Number of protein chains: 2
Amino acid sequence: MRVPSYQLIENEIKEKIKKSELKHGMKIPSENELKETYGVSRMTVRQALNNLVNDGFLYRHKGKGTFVNHTKMEKRIQGLLSFTEEMQLMNRKVTNKVASFTLMQASEEVAAKLFLNKNEEVYRIERIRSADGIPVLYETLFLPRRIFKDLTEQIIRESLYTYIEKELKMSINFSIQSIEAVNADETVSKYLGIPLNNAVLHITLNTFLDNGHPFEYVTSYYRADQYRFIQHAFR
Amino acid sequence: MRVPSYQLIENEIKEKIKKSELKHGMKIPSENELKETYGVSRMTVRQALNNLVNDGFLYRHKGKGTFVNHTKMEKRIQGLLSFTEEMQLMNRKVTNKVASFTLMQASEEVAAKLFLNKNEEVYRIERIRSADGIPVLYETLFLPRRIFKDLTEQIIRESLYTYIEKELKMSINFSIQSIEAVNADETVSKYLGIPLNNAVLHITLNTFLDNGHPFEYVTSYYRADQYRFIQHAFR
DNA sequence: TAGTGGTCTAGACCACGGA
DNA sequence: CCGTGGTCTAGACCACTAG
């Protein structure tokens with residue numbers, strides 16, 4: 001069983017939505033019909049549909065049926081951009097300074113975030129990123145050795161996302177970010193050139209490839225006077 | 001069958017996480033153990049656990065077990081939720097205190113955000129919102145008189161989104177948020193009960209109806225120790 | 001090897017919506 | 001009333017992790 005049946009069903013329905021064979025508001029076949037079509041049990045059909053509902057592709061009405069939602073593309077008004085790409089969009093020139101670059105064993109926290117076994121090797125890299133010469137963010141990256149066999153400082157000074165997509169030919173899928181506000185400690189104030197205790201955005205980021213594996217875990221601090229997040233959310 | 005068994009299981013686990021009987025990284029009982037504990041089938045246990053995984057309370061490792069995730073009040077961006085709805089998801093009780101409630105003429109900024117003519121009437125409302133008695137956010141709402149003809153303090157003490165959808169029968173579409181970090185000023189520190197200059201999240205929010213009209217403009221300050229944003233982004 | 005979560009079956013009864 | 005999705009059962013085999 002290479003690919004589970006429920007994923008096949010999911011993918012077929014996603015494809016039909018993508019190709020507009022299924023459009024917003026249209027009713028899809030009932031669970032019993034899909035069960036026959038795919039020759040699986042109803043619970044398997046439900047597993048596929050549940051995932052599509054959770055991901056926002058479909059919605060259900062008890063007693064009526066299952067319907068196609070607004071397309072995902074509409075929801076992804078803002079995609080996942082790297083810092084380099086974001087700054088390019090605003091015509092600002094990015095420079096990166098690598099403050100440290102080491103290979104170490106993953107701590108428990110890092111191993112959990114990167115789905116590694118404890119003590120597997122990870123790169124730990126500290127980087128200060130500036131836009132038009134102004135330091136905007138200080139970040140610590142954790143990257144699994146397993147994926148980045150031959151990482152160099154040169155790559156880190158340029159763009160990691162470009163390297164992954166163009167050189168390693170891997171496909172980035174999505175990220176989960178947590179955004180908090182904290183007061184700058186000594187390290188942060190030093191690297192960002194701001195007074196101690198100034199409010200900064202503290203963001204941790206976990207990014208995943210198409211195959212479901214995480215390839216980076218990043219903790220970062222953004223200067224509040226230089227950066228803010230804009231977010232769209234749909235009801 | 002008033003409350004489905006899987007919801008009972010979900011709620012018990014959520015409660016234990018809330019009361020710190022289950023903490024980050026701890027393993028919860030296996031599906032077979034839970035099946036015995038609750039006297040249900042394994043599929044029912046899995047339905048409960050799947051929901052908790054989707055909502056970010058738990059995570060699984062094949063062959064190892066199911067574990068408790070970090071908790072802090074989190075915003076999971078799988079849609080636009082009101083504060084009330086978010087807190088319900090976390091099993092927390094919301095109380096709202098209205099600090100001021102006035103009808104005034106829109107300033108230039110507010111008129112622009114709400115697509116009003118200058119000097120059109122808007123409600124200006126200050127509100128402190130608490131979860132389980134702890135003040136979490138202080139916000140100032142601007143609502144156009146044109147849409148909310150008969151707004152009362154009572155409505156504001158309860159849930160505005162519910163009022164809009166259930167009473168006014170209008171349909172909320174999407175919001176644009178800007179997220180920044182700032183140091184708490186005197187007003188904010190007083191209302192949230194935190195020291196002056198503590199970092200807080202400063203969020204401004206513009207929310208739109210299905211017909212394209214904005215119905216609220218909100219500026220708010222969230223306690224950093226009680227709240228963070230979680231955001232998914234797709235490439 | 002034993003235990004865990006992942007997938008799947010072939011049934012069942014229920015609550016809701018519409019004709 | 002019938003068809004829909006919602007809940008639930010009592011099994012089964014698989015893949016992964018650990019000792």
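In what follows, chains carry the letters A, B, and so on, assigned in the order in which the sequence lines appear, proteins first and then strands, with residues in each chain numbered from 1. Since we're looking at a predicted model, the values are computed, not measured. Side chains are part of it too, since the values below use all heavy atoms of this structure and drop only hydrogens, waters and symmetry mates.
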In whole angstrom, give the distance that lies between atom [atom1] of [X] and atom [atom2] of [N].
X     : N      : atom1 : atom2 : answer
A/Q7  : D/dC14 : CD    : C1'   : 15 Å
B/R46 : D/dA12 : CZ    : P     : 17 Å
B/H61 : D/dA18 : NE2   : P     : 9 Å
A/L34 : D/dG3  : CG    : C1'   : 14 Å
A/Q47 : C/dG6  : CD    : C1'   : 8 Å
A/N50 : D/dG5  : CG    : P     : 12 Å

Between the protein and nucleotides 9-11 of chain D, list every N/O to N/O distance that falls short of 3.5 Å.
| unit_1 | atom_1 | unit_2 | atom_2 | d |
| --- | --- | --- | --- | --- |
| D/dT9 | OP2 | B/S41 | N | 2.6 |
| D/dT9 | OP2 | B/S41 | OG | 3.0 |
| D/dT9 | OP2 | B/T44 | OG1 | 2.6 |

Where does the angle between the aromatic ring planes of B/F215 and B/Y161 fall among parallel (under 30°), tilted (30 to 60°) and perpendicular (over 60°)?
-> perpendicular

Using 30° and 60° as the class limits, which term best fits the ring planes of B/H61 and A/F115: parallel, tilted or perpendicular?
-> perpendicular

Would you check if the side chain of B/S220 reaches a backbone N or O of B/I203 as a donor-acceptor pair within less than 3.5 Å?
-> yes

Give a yes/no answer on whether the side chain of A/Y6 brings an N or O atom under 4.0 Å of OP1 or OP2 in C/dT7.
-> yes

Could you pull out the protein-nucleic contacts involving nucleotides 17-19 of chain C (nitrogen or oxygen on both sides, under 3.5 Å)?
none

